[in-house]
Amino acid sequence: MSVGSAVTRGAWLVALTLVLPTTATAQWPPAEFTNLQVLPEDISLGELVATMRGFASGLGVRCNHCHVGTDPQDLSTFDFASDDKLAKRKARVMLQMVLHINDPHLGDLEERVTPAVEVRCATCHHGLVVPRDIRDILTTMARDSGASAALTEYWRLREDYYGTYAYDFAPRVLSSVANQIASQDPEGAILLLNANVELFPEFAFNHWSLGSIAEQQADTAAAISHFRDVVTLEPDNRFAVAKLNDLGAEP
């Protein structure tokens with residue numbers, strides 16, 4: 001494997017080992033690297049540091065997430081050879097997975113675009129150590145602790161991460177969670193949808209979901225009101241028009 005292919009074809013997960021000389025006093029930069037289990041042993045310092053920075057950026061971490069060190073600000077205090085940390089051992093496996101996805105797995109695609117699209121750590125992690133989709137987080141919380149707790153968590157995540165690429169705060173997020181829990185907790189779903197209406201008043205699917213819940217609860221007046229809101233926002237929405245016709249109301 002060439003240095004270029006190792007660095008560019010998926011080497012973006014925190015895993016590889018940069019080792020300082022085994023002397024009583026560590027130094028930075030190191031005189032040599034040992035225990036490089038995935039990248040080439042003859043990789044240059046500049047290429048390895050650039051790769052490590054890609055790992056750190058992709059996961060939103062610092063060197064001490066994977067490497068043993070006494071002072072995060074002083075790299076000479078790090079024992080980069082150590083495999084003591086679980087995060088580092090896991091990351092090696094993840095790096096091997098990424099390299100295999102990019103080549104040979106994606107390499108078998110017919111008519112692959114040029115330049116080839118490659119998986120990197122940021123592709124999944126988006127600056128997070130644990131790359132969980134926000135909808136999965138909120139749906140699990142809503143089912144375990146209730147919709148109110150899920151909504152509180154949504155506001156916390158939005159406050160902490162809005163404007164980053166860590167989580168998706170698009171209009172469909174809360175509506176998707178609401179629809180996931182609607183059959184078991186319609187009132188909780190309504191809570192989430194009403195919050196989403198405040199955030200995205202012109203997102204017609206909010207009103208469609210509220211209308212569907214109202215219809216299931218036999219609240220015809222509320223259902224008609226919500227489906228009319230859909231038609232107001234999307235005059236050509238034939239599904240909402242059909243719902244209103246079924247309910248005996250004019251669009």
Side-chain angles (χ1 to χ4, degrees), residues 10 12-15 53-62 64-66 85-88 90-91 93-95 97-98 101-102 105-106 117-214 216 226 229-230 233-234 237 239-240:
W12 302 99
L13 299 174
V14 184
R53 285 175 177 167
F55 299 161
S57 175
L59 274 71
V61 297
R62 301 291 298 274
N64 60 339
H65 178 72
C66 281
K85 286 198 171 183
L86 177 61
K88 180 182 175 185
K90 283 184 176 181
V93 177
M94 296 295 291
L95 177 59
M97 176 194 73
V98 168
I101 289 173
N102 286 328
H105 192 75
L106 292 181
V117 176
E118 296 180 333
V119 172
R120 299 178 179 178
C121 65
T123 304
C124 293
H125 283 270
H126 293 174
L128 299 168
V129 174
V130 180
R132 294 190 65 196
D133 187 275
I134 188 172
R135 286 164 293 191
D136 294 338
I137 295 172
L138 298 178
T139 300
T140 299
M141 183 166 286
R143 287 172 173 164
D144 292 346
S145 305
S148 180
L151 186 57
T152 298
E153 179 67 1
Y154 174 82
W155 291 124
R156 185 190 72 80
L157 293 174
R158 189 179 174 92
E159 175 70 21
D160 291 346
Y161 292 100
Y162 190 83
T164 72
Y165 69 150
Y167 294 110
D168 181 6
F169 296 104
R172 281 193 176 271
V173 170
L174 282 180
S175 66
S176 175
V177 177
N179 281 285
Q180 287 290 323
I181 68 170
S183 59
Q184 296 83 23
D185 183 12
E187 296 305 319
I190 291 172
L191 175 69
L192 297 178
L193 288 166
N194 283 335
N196 213 33
V197 168
E198 293 183 13
L199 281 171
F200 307 103
E202 297 185 359
F203 182 51
F205 190 67
N206 285 326
H207 302 285
W208 172 270
S209 298
L210 286 166
S212 298
I213 294 173
Q216 292 169 4
H226 289 303
D229 287 337
V230 175
L233 293 168
E234 297 180 353
N237 191 315
F239 300 104

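Side chains are part of it too, since the values below use all heavy atoms of this structure and drop only hydrogens, waters and symmetry mates. In this text the structure is predicted, and so the values were computed from the model without any measurement.
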Heavy-atom closest contact ([X] atom, [Y] atom, distance):
{"X": "C124", "Y": "P131", "result": "O-CB, 3.2 Å"}
{"X": "A149", "Y": "M141", "result": "O-SD, 3.4 Å"}
{"X": "G188", "Y": "I181", "result": "C-CD1, 4.0 Å"}
{"X": "I213", "Y": "A182", "result": "CD1-CB, 4.2 Å"}
{"X": "M94", "Y": "H125", "result": "CE-NE2, 4.4 Å"}
{"X": "C121", "Y": "G54", "result": "SG-O, 3.6 Å"}

Can you check whether [Y]'s main-chain N or O pairs, donor with acceptor, with [X]'s side chain at less than 3.5 Å?
{"X": "N206", "Y": "P201", "answer": "no"}
{"X": "S175", "Y": "R172", "answer": "yes"}
{"X": "S57", "Y": "R53", "answer": "no"}

Practice task
Tell me, yes or no, whether the heavy-atom count around Y165 atom OH, taken from other residues, nucleotides or ligands under 6.0 Å, exceeds 12.
Solution key: yes
To the nearest 0.5 Å, what is the distance between [atom1] ([X]) and [atom2] ([Y])?
{"X": "K85", "Y": "N64", "atom1": "NZ", "atom2": "CG", "value": "5.0 Å"}
{"X": "F200", "Y": "L193", "atom1": "CZ", "atom2": "CG", "value": "12.5 Å"}
{"X": "L138", "Y": "L192", "atom1": "CG", "atom2": "CG", "value": "8.0 Å"}
{"X": "Y162", "Y": "W155", "atom1": "OH", "atom2": "CH2", "value": "11.0 Å"}
{"X": "C66", "Y": "L59", "atom1": "SG", "atom2": "CG", "value": "7.5 Å"}
{"X": "T152", "Y": "L157", "atom1": "OG1", "atom2": "CG", "value": "11.0 Å"}

Side chains of [X] and [Y], heavy atoms from C-beta outward: is any pair under 4.5 Å?
{"X": "V98", "Y": "T123", "answer": "no"}
{"X": "Y167", "Y": "V173", "answer": "no"}
{"X": "Y154", "Y": "L199", "answer": "yes"}
{"X": "V177", "Y": "I134", "answer": "no"}
{"X": "E153", "Y": "L151", "answer": "no"}
{"X": "N194", "Y": "L210", "answer": "yes"}

Exercise for the section: Decide side-chain contact (heavy atoms from CB on, under 4.5 Å) for E118 and L106; before the verdict, give the C-alpha distance in whole Å, the side-chain angles of both, and the deciding distance to 0.1 Å. Expected result: CA-CA 8 Å; E118 296 180 333; L106 292 181; over 6 Å; no
Exercise for the section: Check the pair E159 / R156 against salt bridge (Lys or Arg N to Asp or Glu O under 4.0 Å), numbers first and verdict last. Expected result: CA-CA 5 Å; E159 175 70 21; R156 185 190 72 80; over 6 Å; no
Exercise for the section: Please test L95 against M97 for side-chain contact (heavy atoms from CB on, under 4.5 Å), starting from the C-alpha separation and ending with a verdict. Expected result: CA-CA 5 Å; L95 177 59; M97 176 194 73; over 6 Å; no
